[in-house]
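One-based numbering, in listed order, for ligands and for the atoms of each. Side chains are part of it too, since the values below use all heavy atoms of this structure and drop only hydrogens, waters and symmetry mates. None of the values given here were measured: they were computed from a predicted structure.
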Amino acid sequence: MTLNVLQVGEAVLRRRAKPLAIEDILRPPIQQLIEHMRDTMREAPGVGLAAPQIGIPLQIAVIEDRADLLQEIDPKWLAETERGPVPFHAVINPSITLGEETVEFFEGCLSVARFGALVARARQVTVECWNERAEPVRIEASGWYARILQHEIDHLNGWLYVDRMRSRSFMTVENYGRYWKDVPMAEIRRVLGAEEGAK
Ligand code: CO
């Protein structure tokens, strides 16, 4: 079953989600919720979805970056963004530690539909959380997977990428594809950087 993804402006997207009781993870309502979140993420399609995005103020997110969909992306771009397959898993009650190095790429969100912008994110993160089998896990992630984790955990704290974006780079996905997709990142940063706008 797929659920309606709420758009920016809904208060639930701006509140800190409540931690889930660990003993509830394996209970049918939460297992069903995780399943519906997975279906909704796949249908979108997206690589992550947080419970507040479907109106549920709980600290649950699902993540999946499917190998079959990555095959349609230019391998050079996958290498530049350090993106590779991530099997489906849930992230419950996470705590995150950010590495010092940051990298900047275009990012979008199912709750800010049809837009994107440059967002600087830590290249590496460590996340401690529970998974959908109620197992405690420690995730060491880098590259695009680290970005997905930061984006989804932001959702659980009431943050959206627009709070962190380089605002002059905000654009429709359509115009990104039309004008910027093949422009080198250094050139994009030069043209859409704060320095240029100040002139
Ligand atoms: Co999002």
Side-chain angles (χ1 to χ4, degrees), residues 1-20 33-66 69-70 73 81-96 98 102-125 127 129 131-132 139 141-167 169-177 180:
M1 191 178 109
T2 63
L3 305 158
N4 183 37
V5 178
L6 300 180
Q7 294 301 300
V8 60
E10 298 276 355
V12 67
L13 291 171
R14 290 319 204 157
R15 291 195 192 110
R16 183 186 290 264
K18 287 194 277 291
L20 188 63
L33 170 65
I34 291 171
E35 211 171 284
H36 294 161
M37 287 174 66
R38 184 196 62 200
D39 295 346
T40 305
M41 170 177 65
R42 285 179 179 169
E43 167 88 3
V47 293
L49 185 75
Q53 293 182 275
I54 49 153
I56 311 274
L58 288 174
Q59 287 192 24
I60 308 173
V62 293
I63 290 175
E64 181 184 48
D65 209 353
R66 286 164 58 181
L69 295 181
L70 291 179
I73 301 174
T81 54
E82 300 183 278
R83 184 167 173 185
V86 179
F88 175 84
H89 68 91
V91 170
I92 297 167
N93 299 354
S95 64
I96 187 166
L98 307 181
T102 61
V103 283
E104 194 175 37
F105 289 109
F106 275 95
E107 190 173 307
C109 177
L110 297 175
S111 293
V112 190
R114 297 180 294 280
F115 289 94
L118 287 174
V119 183
R121 299 277 192 189
R123 185 169 167 238
Q124 292 183 307
V125 298
V127 172
C129 62
N131 67 16
E132 68 280 11
I139 303 167
S142 61
W144 204 256
Y145 182 28
R147 178 173 294 267
I148 299 169
L149 284 162
Q150 289 167 81
H151 181 113
E152 298 311 324
I153 293 170
D154 267 355
H155 273 303
L156 302 182
N157 290 309
W159 284 72
L160 299 171
Y161 82 85
V162 293
D163 307 324
R164 304 188 186 280
M165 71 182 175
R166 190 190 279 255
S167 57
S169 69
F170 188 61
M171 62 177 68
T172 63
V173 169
E174 191 192 354
N175 279 341
Y176 172 75
W180 302 98

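No side-chain heavy atom of V47 sits less than 4.5 Å from a side-chain heavy atom of H151. Two residues are said to be in side-chain contact when any heavy atoms from C-beta on lie closer than 4.5 Å; V62 and E132 fail this criterion. Considering only heavy atoms from C-beta on, D154 comes within 4.5 Å of R164 through its side chain.
Around the Co ion (ligand 1), protein atoms of type N, O or S found under 2.8 Å number 3.
Among F115, F106, Y176, the single residue meeting the ring-ring contact (aromatic ring centres under 6.0 Å, His included) criterion with F170 is F115.
The list of salt bridge (charged side-chain N to carboxylate O under 4.0 Å, His left out) pairs with a residue in residues 35-44, not counting sequence neighbours, reads R42-E64.
Under a cut-off of 6.0 angstrom, the local environment of CZ in R15 is sparse, with at most 12 non-hydrogen atoms contributed by other residues, nucleotides or ligands.
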